[in-house]
Amino acid sequence: MTLNSELTICLAKVKAIEEGLKAEAEHADNAHDAKTYRDAMLLVRDIKKDLSKRIETLGLAEGLS
């Protein structure tokens, strides 16, 4: 498997985690749980942005969305 393929899979997994946390935050039973999910979602979003920047730096961004 190529580096591009590996990074594509990693980015897709991070995006899925972010979306899952967003959905959980929207359907949380109370404000504390919603804040916890949102905080986790923001952390994952930062990781996704960092991963995207690293992919761009490596020049592999053409095949990634």
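For the numbers below, each heavy atom of this structure counts, side chains included, while hydrogens, waters and symmetry mates do not.
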Check your understanding: Which atom pair, heavy atoms only, marks the closest approach of Leu11 to Ser52?
Key -> CD1-OG, 3.8 Å
Study note, to complete from the structure: Of all heavy-atom pairs linking Ala34 and Ala25, the shortest is CB-O, 3.7 Å
**Study point:** 4.5 Å side-chain heavy-atom contact, Thr2 and Leu7
**Key:** no
Nearest 0.5 Å, what's the [atom1]-[atom2] distance between [X] and [Y]?
{"X": "Lys35", "Y": "Asp39", "atom1": "NZ", "atom2": "CG", "answer": "3.5 Å"}
{"X": "Lys22", "Y": "His27", "atom1": "NZ", "atom2": "NE2", "answer": "11.0 Å"}
{"X": "Glu56", "Y": "Arg54", "atom1": "CD", "atom2": "CZ", "answer": "13.0 Å"}

Could you list the donor-acceptor pairs under 3.5 angstrom formed by side chains in residues 41-49, with sequence neighbours left out?
residue: Arg45; atom: NE; partner: Glu18; partner atom: OE2; Å: 2.7
residue: Arg45; atom: NH2; partner: Glu18; partner atom: OE2; Å: 3.3
residue: Lys48; atom: NZ; partner: Glu18; partner atom: OE1; Å: 2.7

Check your understanding: Do we see a donor-acceptor contact under 3.5 Å between the side chains of Thr8 and Ser5?
Key -> no
